[in-house]
Each structure stands twice: as structure tokens, then as C-alpha cells.
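Working notes, beginning with the structure itself.
So that the names make sense, note that chain A is the first sequence line, chain B the second, and so on, each numbered from 1.
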Amino acid sequence: MVELIFPDGSKQEVEKGTPFGDLLRELPGALRKKAVAVSVDDQAYDLNRVVEGGGRFVVLTTDSDKGLDILRHGTSHLMALAVQELFGKVKFAIGPAIQDGFYYDILMDHTLSPDDLEKIEAKMRELLDRGDLAFTREVLPSSEAVKLFTELDQPFKVELINDLGAENVSIYRLGAFTDLCVGPHLADVRKMRHFKLLSLAGAYWRGDENRDMLQRIYGTVFFKEAELRQDLERREEARKRDHRKLGPQLELFDIKEEAGGGLVFWYPKGYILREMVENFWIEEHRKDGYQMILTPHIAKSGLWKTSGHYDYYKENMFLIRDDEDQEFVLKPMNCPGHILIYKNKLHSYRDLPIRYAELGTVYRNERSGTLHGLLRVRGFTQDDAHIFCTPEQMEEEVSRCFNLAHKLLTTFGFKDYQVELSAHDPQNMEKYAGSEEDWIMAEEALLKTIENRNIPFKKIPGEAVFYGPKIDLKLIDAIGRGWQATTIQFDFNLPRRFDVTYINKEGQKEYVYMIHRALLGSIERFIGTLTEHYAGAFPLWLSPEQVRVLPVGKEHHGYARECVGKMRAAGIRAEGDFREEKLGYKIRESELQKVYYMAVCGDKETQAGTLDIRSKSKGRLGVKKLDLFIEEVVDEIGKKT
RNA sequence: GCUGGUGUAGCUCAGCUGGUAGAGCAACGCAUUCGUAAUGCGUAGGUCGUCGGUUCGAUCCCGUCCACCAGCUCCA
């Protein structure tokens, strides 16, 4: 007998070998219907398996993430079966469930086209409709599994089994498709019917660019048709918010083929966004004790040899050679420049902390395939700062960074973010700069800061880069997507390379603690993110065009111009539409261009000194005195909401 | 960088197995003087991403390069 503990705390003694199906029969019908698999002590089992040992017993349902993963994983098997039936001799790599769907990586001679996706979908439906499909599980010794997959001509599976080095492995069969797989899988394959194949892509076997390039098919699947529909709509919504589309459409920014990929052109309206972001950023940094500096865009390569970038980062740097055969580097980072300014004189511990901030434009020669709108570019402006401090000040400084980041991000409308702490791998200390003591101290400072704020976070050991541990903040946007923004990093490398020191209380030279931080990340990426978050309809204080005055007819042009003039004098970004078009036409254009307020003036308003106000988001707001409207708008802009 | 796809007017797109291109919107002109999401008529606009090849002839077929898209990889 073994003991199963249910989620409500109740316990039950059951015989080893009892089918889970028997246990389920005792559960409420609603729960039973939703059962996909069960788990005992987090080990998942197929519903048709039997109790092997005791522990915490949980029914994995169609409502849970785990249940959805099982569905998705199962559907990837179904897709693989369909591909095998359609194309015969193909070699399967891996086919896991992922964040919002599943994929399967396949090596085959035939090059898949989008048309093939439809054929595969049709075959999948046909297989389901046949009605005799079911997953069956077998356990066999690894040696036999190797033999089996060798016979099936599935070299990737053989490699996987060999690398596992386990005594036994499990395989699942679905029709004629046999896969190495831990499972579990659905008892009822008909649950997989609400699926959609989404896209094709290339993917290296095991992510290694020296190995086979496989064909990857992406798809998604849900338990309910409505959920699938919703997900496809969500994808559609995301496409509509795409900053790469909205940027040019709203005349904010664009990337020009003539100039090259990854280089951004800011149009007048987009420049206003930048200006607003940067001004607010500078204001808040000054308040928080930062000093603004500016460093050159190019510098002799010697500087980058000292920093180590020249050796480790060369393929990403743009090099410039002058007539006298002197080599320069277009700066890929601001740190060495900031260090040169710090090193201008000797610093006492009394001077610290020193916080140098720069909206520093850097250039990195990213591989062409990685470029992506404003999110991944070759020229971008980091909202950068370097803090030079003593070990004692470290924690306080990290905490201040966190506060400042929070202030900036929430003001820009991002209420949620995820926190990740990238820590060192104690097993591999030799690959890191700085002592283990330094690392532990720095990671504790980072950890304390996060814990003091009582927010959930993930600590990832071994994720840190060699020069120091870091905290990253990921923004969550209006439709739930995550975007990389803030990074707060320690640097144990550069102070040593550049001999960056301060004089401590004992009159001794000591290496300074250096914190590298970018709160928005880069201005480009941040504005790309903002654009998608607001779907191009920015809040008033950021809106490129805050008010557009719309005269009804020609005779109202004079008054309209007067209104625009007064608004501009009050600091409002106002325009007038003086074309001889019907009012409906002008309103439609303002709406499409996402102008925040429209102010209509006809006979009545011209005589009364008023405007008929219409807001993009709330529709008609009614007639207002010009002066009062200006006052209200100025007030609202000041609130930054 | 790699795999696959795409590139036709400012924008969105059409163009049947090769015979030098078309629509809607936008622009411009004329008429209309208009009250809360598109007034009508007309005009103009393209070296069909680039360079090269095949062909009597290339937007279409082949190759090169550039850019973009879905990913992989990369982001010390």
C-alpha cells in the first residue's frame, strides 16, 4: 500500500498497481471530465497507467498550463505523424510544447512551402477523423531503443538516447509514428482537434550552426475552439500594433533601405516622442544625483584594446581607418568613455558615489538576420549611466537604480514587469572576472534590493556574463507581452583593466565598484515598445499632435488660426486643418492619425469664443471656452497620464 | 551569418505557363462651402529592389547583391 495526498490535504491508502482510472472514477464528474493526466510528486503519468508510489497526487486538467502543455506536445506528435504519412522518409529531431504552441523540427529533402501547411493540417484532421488513433507507451532498455530508432532511420533520436545515458527510455507510438518521449499523453486524441499550423522556419539541430539546418513547423492548439479563435485574434491584434507598421504609417520613424538595415530615421513626429522621453529622463536623473556627460562617437582602437572589446567583440564593431593609418572604432559601448572622465583625477572615498549619465549613441554591427524594427538595430541610443562607488554603497545604489527605473517605467504607462537576477555559476569560477567574494557580495546586494520590494523574481545561476551579475526588468505591455528594458549590471572587469580606483579611509588605493545600468534599455527599443503598448495612440503628454483645430468652413479659418496660436503659446502641440474639405473627412483623418483632441469650430463657436471638443478615446466631450480648454489641456499634460 | 519566403505608383494590392503594367486610397487640378470617421469629376504618377545572364524579346526564367518577413544563431 502507498499513501496519496490530495491537494485539499486529505489522504488515501491505495494498492500499488491501482489504475489511475479507478481513482478518477471516485472524483467529481466535472474534474474527471477535465482530466488530462495525473501527477504524483510532480511526476506526470498517463491516465491509463497505474499507481507506482505514494506522494502528492494532482489531477492535471484542461484548465492548467501543464494540461495545455500535454495537449500541445501531443499535437506535435500528430503533426509529425501527418508529415511522415505525406512525405515518407523524414528524420525527426524534437517536437516540444512552447509558450504559445508547439513545433517539430524535421530534416527532409522536400522543402516545405506554406501550401504544405494546409496539406499537413488536412492530413491531421483526416487522421483524427479515422477514429482509431491512440497513444501507446512502452518502456525499453536504451540499447534496444537505439536499435529500434536505427532501424527506423532516425539518427537524431539515436543521438538523444545516447546522450541521455539512461538505463531505460520510454517511447510513445501514435499510429505509425514512433517517438522517444517521456510523456505523458492524452488518453483521448480527439481533444487535439482545435489546432492551427502557423509558420515555417529554419532551425539548427541543437541550436548549433555547424550542424544540420532543420525545417521547423510551428502550430498552436487549444482545448476549446473559442480559445483557439481568441489566440488567433490576439496574434492579429499584435500584428496591428506592430511598431514596424505603425511607425511609418503615423510618420514617427522608419528604416531606409538606401541607408541600410538597423539604422533609424526619426521623423518630426517621432522626434517629439524622443524629446519627451529624453527630457523626462534627464529631469529625473538630475533629481536623483546623476551628472550628464557626453563622450565622442569614435575613439582610437587602443582604448578598445584596453577594455578588451577589441579582442572579444571585434566582429560586432565598426572600424574606421584614417589616412595616417590610425585605426578608430565607432563606439559600441559608453563605458570606456565614462571611465576616462572618472580617471581625469584622483578620487577619494568621500567623492563617491559618482553617477555619470549619458544618452550615448552606440553602433554595433549586428548580424543581418538579427535586425528587427527598432527592437534590434545597429545604431541606438542607450540611456546609459555608470555608477562608481565603494562596496558599502553598492546596495543603496542598486536600490536607487531600481526606484528610478520604477518611476520611469510606471510614468510611461508600464505597470507590470518581471525581474530576473543573473547570477554566477559556482562550479565555473575561473571564467569570471573578480573574486568569488565580490560576486557573492554583489549578488546579495541585488537580491536584497529585489526582496525589499517584495516582488516576484527569477534567480538564474550561471546566466551572468563573465564581468558581473545583473538584474534585468522585462516590461509587460498592454496585451501581455514581455519586452527587455532595464538592466543593472556589476562590472568587475573594466575597473581592473583600466585601473579605476579610489583612495579609501586608510589612504590606500582600491578598485572602485562599477555599476553599469540602462533603465529604458535603448531609446529606440523603448519607443518601439511604447508604440506597441499604446498601439500608436499615445497618452496626451507624449502625443506628437495634442490638438487639431478643425474649422467647419472657410469663414471660420481666422478664428481657428487664433485658437491654434493661443494653444501653441501655452505650450500645446496644436495644428489646424485648413483644407477645404467636409468636417467628417477631417475628423476621419485626425482619428486615423491618432490625434489626441479634435477641436471643431463653426459659426456658434466662433461667435461664443468656444470650441467643440472631441477626444480620440472618448468621443464628443462638449463645447468649452477656449481659455478653459487650454488650461485643462496644459494641466492634463503636466500630469503625464 | 544560416534556412525558407517576399520585394510592382507615396500606401494597400492585382498582373493566366516570357510579348516593355493596372485598381483603390493618397497627391495635384476643377467643381462643391460642407457640423462630428471618406463629396464628385478629371490629371499626373512606375528603369516592376539592384547588377548581370539566358532569349528576337524578361516584372515573369537563372545567378549576384541589397532590404524586409518567420525563425535559428548571436546579443562577451
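Arg376(A) comes within contact range of at least one nucleobase, with a heavy-atom separation under 4.0 Å. The residue Asp311(A) sits apart from the nucleic acid: no heavy atom pair falls under 4.0 Å. His309(A) comes within contact range of at least one nucleobase, with a heavy-atom separation under 4.0 Å. Across all strands shown, Glu251(A) has no heavy atoms under 4.0 Å from either base or sugar-phosphate atoms. Thr370(A) comes within 4.0 angstrom of a nucleotide base, judged by non-hydrogen atoms across all strands. Using a 4.0 Å heavy-atom cutoff across all strands shown, Lys604(A) reaches at least one base atom of the nucleic acid.
Side chain to side chain, Asp438(A) and Ser435(A) meet the donor-acceptor criterion of an N or O pair below 3.5 Å.
We find the CD1-OH distance between Ile613(A) and Tyr597(A) to be 8.5 Å, quoted to the nearest 0.5 Å.
Here the two rings, on Phe492(A) and Trp439(A), have centers that are under 6.0 Å apart.
Stacking between Tyr585(A) and A38(B) is absent: the ring centroid is not both under 5.5 Å from the six-membered base ring centre and under 30° in plane angle.
Under the salt bridge (charged side-chain N to carboxylate O under 4.0 Å, His left out) criterion, the residue pairs touching residues 459-471 of chain A are Lys470(A)-Asp472(A), with sequence neighbours excluded.
Of the possible donor and acceptor atoms, one in the side chain of Thr220(A) sits under 3.5 Å from a partner among the backbone N and O of Asp100(A).
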Go through the steps to decide whether Val600(A) and Glu605(A) satisfy the test side chain to side chain contact (heavy atoms under 4.5 Å, CB included), and finish with yes or no.
CA-CA 8 Å; Val600(A) 176; Glu605(A) 292 79 11; 5.5 Å; no

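RNA chain B forms stems at B:1-7 with B:66-72, B:10-13 with B:22-25, B:27-31 with B:39-43, B:51-53 with B:61-63, each a run of 3 or more consecutive Watson-Crick or G-U wobble pairs whose two key distances fall under 3.5 Å.
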